[in-house]
Amino acid sequence: FVRHTWNDYVDLVGVGEDNARLAQRVHALEEENLQLREALVAGGRLARIAEMRADFEVPMLPTQLVGSDVSAFFRSVLVDRGRSQGVRSGMPVISEEGVVGLVTATSERAARATLLLDRQTAIDGTVQRSRTRGIVHGRGSDVVEFEFVSRGADVAVGDVVITSGLDGVYPNGLRVGTVSAVAEDDAGLLRMATLVPAVDFGRLEQAFVILRRGPSMELLYRTEGGDGDAQAAAAGGGPSK
């Protein structure tokens, strides 16, 4: 009886050790699976960005979001690329989904990008279907406004608004958002549409800086002494207006 009891005990100890090894192996496999899923997601993003590069024919730099500033008035993020990688104030920031924002301050290895959602943001946009033009304004919330003159305007719920390229900041054809509601002011001169942004900012982890400034940003940030990033940052950053 004692011998059988001892053998059963030894067997149980062996089973416990096997279970511990199996648990470690399962944990390692789960970690490897998670890394593979992240690699697939990143690979999908890179493939879509490669297509965008071909469409816009401009160099783009991948960046990772490393911080955010969210308040009732200001919406911005920090990215892990800066002047040493060629990033300058006034360069557009995009994702594979559409417009993210605009670089408004830089250091050697980081940059601040003011988001599309920020109250100071203003972008010249076009309804893709009807070609109606207007101005996209941030509201500091998770939706933005599209303001346009009502005469002859054709804007409906479900329409996609893209960048027109006429503000001298963003290239033409980037997705801004989708119309979710349309309203008219009391005088009937202006109409306002609410847009759901094309970019899901709540899930944004990676963005891409277009390494080229539009004419308006060149005029705003270029100075005789150089790029003008330091002066612009000291003055508050000056996003697209």
Side-chain angles (χ1 to χ4, degrees), residues 42 45-46 48-53 55-71 74-125 135-140 142-144 161-165 167-177 195-218 220-221 227-229 232-233 236-241:
R45 289 176 181 153
L46 291 174
R48 289 192 290 271
I49 288 301
E51 294 176 0
M52 292 174 63
R53 283 190 177 126
D55 290 339
F56 293 106
E57 298 182 348
V58 293
M60 288 189 281
L61 179 70
T63 65
Q64 200 75 23
L65 272 63
V66 295
S68 63
D69 176 18
V70 180
S71 69
F74 304 105
R75 301 292 295 270
S76 64
V77 294
L78 296 177
V79 297
D80 63 349
R81 295 289 189 270
R83 287 195 297 270
S84 60
Q85 290 83 30
V87 178
R88 297 291 184 269
S89 291
M91 289 181 173
V93 182
I94 66 173
S95 76
E96 69 274 13
E97 297 172 321
V99 173
V100 171
L102 189 72
V103 175
T104 51
T106 63
S107 65
E108 281 300 309
R109 298 188 179 277
R112 182 180 70 197
T114 298
L115 297 179
L116 168 68
L117 306 175
D118 191 273
R119 290 178 179 269
Q120 298 184 75
T121 297
I123 299 173
D124 196 293
I135 304 297
V136 177
H137 297 281
R139 301 199 314 193
D142 292 334
V143 296
V144 295
V161 175
I162 60 175
T163 53
S164 70
D167 52 16
V169 180
Y170 295 92
N172 176 45
L174 295 171
R175 288 175 66 96
V176 179
L195 303 184
V196 176
V199 174
D200 184 352
F201 290 97
R203 301 176 62 183
L204 185 66
E205 299 177 356
Q206 189 180 41
F208 298 83
V209 179
I210 296 179
L211 297 177
R212 182 180 298 170
R213 290 194 294 206
S216 296
M217 294 296 100
E218 281 292 329
L220 177 63
Y221 285 103
D227 177 73
D229 277 4
S240 59
K241 293 183 179 179

Problem - Thr63 side chain to Val79 backbone, donor-acceptor under 3.5 Å - result: no
Problem - Closest approach of Gln85 to Glu108 (non-hydrogen atoms, all atoms of both residues) - result: OE1-O, 3.8 Å
Practice task
Side-chain contact test, heavy atoms from C-beta onward, threshold under 4.5 Å: evaluate it for Leu116 versus Val100 and give yes or no.
Solution key: no
Exercise for the section: Can you sort out the partners of Asp167 under salt bridge (charged side-chain N to carboxylate O under 4.0 Å, His left out), two or more places apart, ordered by chain and number? Expected result: none
Practice task
Would you mind reporting whether Val161 and Val136 have side-chain heavy atoms less than 4.5 Å apart?
Solution key: yes
Handout entry: Considering all heavy atoms, the nearest His137-Val144 contact
Key = O-CB, 3.3 Å
Exercise for the section: State, with a plain yes or no, whether a side-chain heavy atom of Ser95 is found less than 4.5 Å away from one of Leu204. Expected result: yes
Exercise for the section: Flag the pair Leu115 / Thr121 as yes when at least one side-chain heavy-atom distance between them is below 4.5 Å, and no otherwise. Expected result: no
Fill in the blank from the handout: When rounded to the nearest 0.5 Å, the distance separating CG of Leu65 from CD of Gln206 is 9.5 Å
Handout entry: NZ/NE/NH1/NH2 to OD/OE distance under 4.0 Å, Arg139 and Asp118
Key = no
Practice task
Would you indicate whether the side-chain heavy atoms of Leu117 and Pro197 approach each other to under 4.5 Å?
Solution key: yes
Problem - Other residues, nucleotides, ligands: >12 heavy atoms within 6.0 Å of Arg81 CZ - result: yes
Handout entry: CA sep, side-chain torsions, deciding dist, call: Asp69, Arg75, side-chain contact (heavy atoms from CB on, under 4.5 Å)
Key = CA-CA 6 Å; Asp69 176 18; Arg75 301 292 295 270; over 6 Å; no
Handout entry: Reported CZ-to-OG1 distance for the pair Phe74 and Thr104, which is rounded to 0.5 angstrom
Key = 11.0 Å
Problem - Member of Leu102, Leu220, Asp124 meeting the side-chain contact (heavy atoms from CB on, under 4.5 Å) criterion with Val169 - result: Leu102
Completion exercise
Rounded to the nearest 0.5 angstrom, the OG-CZ distance for Ser76 and Arg112 is 5.5 Å
Practice task
Evaluate the side-chain proximity of Val93 to Phe208: yes if any heavy-atom separation is below 4.5 Å, no if none is.
Solution key: no
Fill in the blank from the handout: In this structure, CG of Leu78 is separated from OG of Ser107 (nearest 0.5 Å) by 8.5 Å
Exercise for the section: Please examine the side chains of Arg175 and Glu97, heavy atoms only from C-beta on, and report whether any two atoms are closer than 4.5 Å. Expected result: no
Handout entry: Separation of Asn172 CG from Ile162 CD1 (nearest 0.5 Å)
Key = 5.5 Å
Exercise for the section: Report yes if the side chains of Arg213 and Arg88 come closer than 4.5 Å at any heavy-atom pair, otherwise no. Expected result: yes
Practice task
Start with the C-alpha distance between Thr163 and Ile123, add both sets of side-chain angles, then the distance that settles side-chain contact (heavy atoms from CB on, under 4.5 Å), and finish with yes or no.
Solution key: CA-CA 7 Å; Thr163 53; Ile123 299 173; 4.0 Å; yes
Completion exercise
Value for CE (Met91) from CG (Leu211), rounded to nearest 0.5 Å, stands at 5.5 Å
Handout entry: Asp80: salt bridge (charged side-chain N to carboxylate O under 4.0 Å, His left out) partners, not counting sequence neighbours
Key = none
Practice task
Might you point out which heavy atoms bring Ser89 and Tyr221 nearest each other, and give the distance in Å?
Solution key: CB-CE2, 3.4 Å
Handout entry: Closest non-hydrogen atom pair between Val99 and Phe201, with its separation
Key = O-CZ, 3.9 Å
